[in-house]
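Letters go in sequence order (proteins before strands), and every chain restarts at 1.
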Amino acid sequence: MPNRLELSGITKQFPGVLANDNVSFAVKPGEIHALLGENGAGKSTLVKMIYGIMQPDSGEIRWNGEPVVVPNPKAARRLGIGMVFQHFSLFEALTVLENIALGMDAKIPSRELEARIREVMQTYGLALDPHRTVATLSVGERQRIEIVRALLLNPQLLIMDEPTSVLTPQEVEQLFTVLRQLASEGCSILYISHKLHEIKALCDTATILRGGKLVDTCDPKEETSRSMAEKMIGTGLKDIVKPAGRSFGEPKLVVNRLLTHRTGHFDVPVTDVSFTVRAGEILGIAGVAGNGQNALLDALSGEIRSEDREAITIDGKAIGHMDTTERRRHGLCAVPEERNGHAAVADFSLSDNSVLTARDRLGMVVMGLINSGAARTYTGKVIADFAVKALGPAATAGSLSGGNLQKYIMGREILQKPTVLVVSQPTWGVDAGAAAAIHQALVDLAAAGSAIVVISQDLDELRTLSDTLAVINMGRLSESRPVAEFSVDEIGLLMGGVHGAEAAA
Amino acid sequence: MQFRLEKRPEPSRLMLYGTPVAAVVLTMFIGAIIFSLIGYDGIGAVREIFFTPLTNAFKWQDLGVKAAPLIIIGVGLSIAYRANVWNIGAEGQYIMGGLAAPWGALASHGAGGWWTLPAMMIAGVAGGAAYAAIPALLRTRLNVNEILTSLMLTYASVQLIYYLVRAPWKDPMGMGFPQTRRFASEALLPNIIPGTIVHAGVPIAIIVALVAWFIMTRSVFGYQMRVVGAAPHAARYGGFSENKTIWLALLVSGGLAGLAGMLEVAGPFQRMVPGFPTNYGFTAIIVAFLGRLNPLGVIFAGIVMAITFVGGEIAQTTIGLSNSATGVFQAMMLFFLLAGDILVRYRVRRVTPQVEARA
Amino acid sequence: MSLELTIAIIVTVVGASTPILIAALGELVVEKSGVLNLGVEGMMLVGAITGFVVAFTTGNHYLAILLAAAAGVATSMIFGFLTLSLSANQTATGLALTIFGTGFSALAGQGYSARPVTLLGPLFPAELATHPIWRVLFGYSALVYFSLAMVFAVWWFLKKSRAGLILRAVGENDLSAHSIGYSVIGVRYAAVAFGGAMAGIAGACFPLLLTPQWAERMTAGRGWIAVALVVFASWKPFRLLAGAYLFGLVMTMELYAKASGGPLSAIPAELWSAMPYLATVVVLVLISIRRDASTNAPACLGRPFLPSN
């Protein structure tokens, strides 16, 4: 019996990065096949090519034994490939039935469509009222809409992209039941995830990608979590740039049982987060995107204020109730993940962007008026010290390349000499040279006595920078320990959601 | 010939300042052509509406008097719009300021002094600001769109004028006409230039614009307005409260509109009449856009609009062109300006047909 | 209150409400697609003068209405081009459109003031149309029945047809609709044109249905009431019908309240006139307090469509 899907030598190049490098694997009919890897490993690029959103530069795709070209998603659906994306595109004010109707390629009269939907829901135990408005549904229920939509096509291959990242444990079990039933009927499932314990529980085969290359195709039931994590993350570690055994100073930042409230359907709040960072120490917080990093950063920076003043203290002073400006006055600076529209304003000059965060700490405001000369001078210093390629302080932030803008933003905060600096994804989308410069600047800042928190999805970056490491998962933070004490599989497990107390069986 | 719009790396300064001027010039050209085509004296219309008010020295005082309220309200709106707060109810706030003033004048009729005018000014500002506080409250507490609330309140305020001049405030010696008493002399704006109708409101308008320009470019308040409008998330990061900004934007624009109302009532009108709502509040919206939301630009735009108003009246008497032509020209200017807006951010590129590589 | 008076009131109310209803139905469709067109008043005036001039010169009322609709469409295309193809600010463009329509119609109407046209006659034969009792149902002109039919048509279109579903999707989440493959700009152009046609017809109601002549600004702010009405009705066609007649009733009431001399006559006329606007504010507040997704505005309302690619 031919393989349902077979990829041979698939390669895809983007400017500056080889996303997929000669990847080959096969999915059998009725098989639940995991696609495993960290962020940036090449999983989503690969899947986009299977679904026809992009084309491989070289390599062959075979469908049920025959070589095929998938020029667009419509063609993929016609072949029998269905996909459930991680981020749903649903229309909130419309009903379930209307949402599904909009996404269908064929025009089916509403009564017939409703009957077919009910049939699918019945067969797979997906409970949904077709006439309910999407806005009233939970995230798990919304995902069911996407699944029903895919199932209506009678797919032979169903691709699930990080399906459990926003589900409760019960919803995860329900999903697994559906997927097992589908597989038993002969439909193949390609299950993209980084959650090792789920993959062990659900999948028959796992293909592991790292850095665009295929590492292995194995049977998760035979492997241990450790071996899979090692393959996912790589065993070459310990590129420590700093001498071990440095001593740190007084605790500068103490966070005690910090929590935030859920702001939207897809927001992951933080719960019961506690850690301490001493002077000269760099704490790395590892975790896959969407596990509460944004909420954590906002809670630390002051965009979200805490009900408990003592939840965050700097040098012993309670700052939990303060806003961003006041926290800056007390020595806490922060750099959010998003450059454009959050950390910087694209339409403003760099000089005006400096006013955004540095005006108080560096005395740019006198009696309500902005001292533009001071702002310009400071910006010039940032540009010079951080080798920002820009025409000058008057250049707009939007005219800078990603890497240069990030250098400017990091420089703007670092040169304020904060007591505590919290950064999120400091070198995301930044070229290697700029990344190295930013890393060195952070290390130098720590050496000068500041306490630094680095939130990142890039484990290599964290292992380069951090003295101590903690892992965030679903809004909870693991214990922070010296980075040398972490074994690779521990990190992998923690990122995949298994905390010390709930080790996978 | 295929064209494509390509985003510019930096917004074009040339286009930013050039498009208002280009809009005016284009209006003159296209307007002349269109009017000629439909049977009017196109060139004459443009001459009388756009140029005669400038060349005829007698008309300069009219320009000043017409421009003053447009500039004051326009400045306020330019501040609010910068912060993405769409105050469309400036006409209503203008009316409320205009009503607060006679309330003071009538209450103190005959018993006032040097303090009457300043008190009326404060009342005018307060009246306009208070009326703008309603949409501010609804927006910040309940997220109700301020465009609709401020607009609806405008119509309510017009009815309030009609009621007040018909009943409680009616001039006992007015022979039954719906109007208030003429204000006592201490409640009237002094004439700045004797022998003309140029009242104190005119220099006040210029001062307001200059002060606003200074504040918007140099102060933290101005920075706050700009950053909240440009990138609300970054504004939060920078420590600026969106709600506070909405309040400030509405109170300031409402207060200025109210001030303009008071100056109009104490200056040209000298009493409250049903004809008081002259749509300055709506015209000022065009002035704010034409002036590129910059107080100095608003001075230019206010004068241009005043020219078209005065010119429209001139054209009526000299070449018999109906006053309503003014509205057509004003709308055309705004259309051209809005159309040209896209050129600030995008460049027009000619596309040479080429074989598109399969993505 | 006698039956005579009741019927007279009803007939007046229907007449007063019809132009508002028609204009509001058009704007409802426009807003459902995500576009806020504040130029309704201007488009109505263009329709009014067009309808008047055609009726005056040809005597053919139906031709007048048709051309008024066409004039409305043409005017709306100025708005459409600026906001959809050039991504101009919708609020400013709409206001400019109102100013343009006001000025243009006044200019075009020069020389026509105080010239009479005949009113559009009732649709049904005279025995029913002028009957003292049955005229309540049968005494109206075609435009009134048109407006009622359109309420159903718009409701059916939005709720039951696929095209209406696509339009609602475009207004809810333009980026998702675009990624599915629908032409957001195309759908919005069509909606704007429909709004223009309806506004044109609504404008023509004034010289052809209400006062058989032309006067500058004869729509007297009804276009703004229509915009308010759409929000008041939470973008639902049947609520729009109720709201239009409610507003018409309020506008008519002050006359009858004064005449009947009861406690209602103590309410100043101006308060009656202000009531539709104040009521809309109240409804806006109530909608926001309830925060029910189905009564909220189309999520993309007023925002330009800016695909990231």
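For the atom pair CG (L165(C)) and OG1 (T95(A)), the distance works out to 8.0 Å, reported to the nearest 0.5 Å. One distance of note links OG of S110(A) with NZ of K160(C); it measures 7.0 Å at 0.5 Å rounding. Interatomic distance, CD of E92(A) versus CD of E172(C), reported as 7.5 Å (0.5 Å rounding). For the atom pair I180(C) CD1 and L102(A) CG, the distance stands at 5.5 Å (nearest 0.5 Å).
Taking both residues in full, the closest heavy atoms of K159(C) and E98(A) are given as O-OE2, 4.4 Å, listed atom of the first, atom of the second, then distance.
More than 12 heavy-atom neighbours from other residues, nucleotides or ligands sit within 6.0 angstrom of CH2 on W63(A). In this structure, F152(C) places its CZ atom where only 12 or fewer heavy-atom neighbours from other residues, nucleotides or ligands lie under 6.0 Å away. When the shell of 6.0 Å around CD of E307(A) is examined, it contains 12 or fewer heavy atoms from other residues, nucleotides or ligands.
Judged by distance alone, with hydrogens and angles left aside, the side-chain atoms of R168(C) form no donor-acceptor pair with the main-chain N or O of A93(A) at under 3.5 Å.
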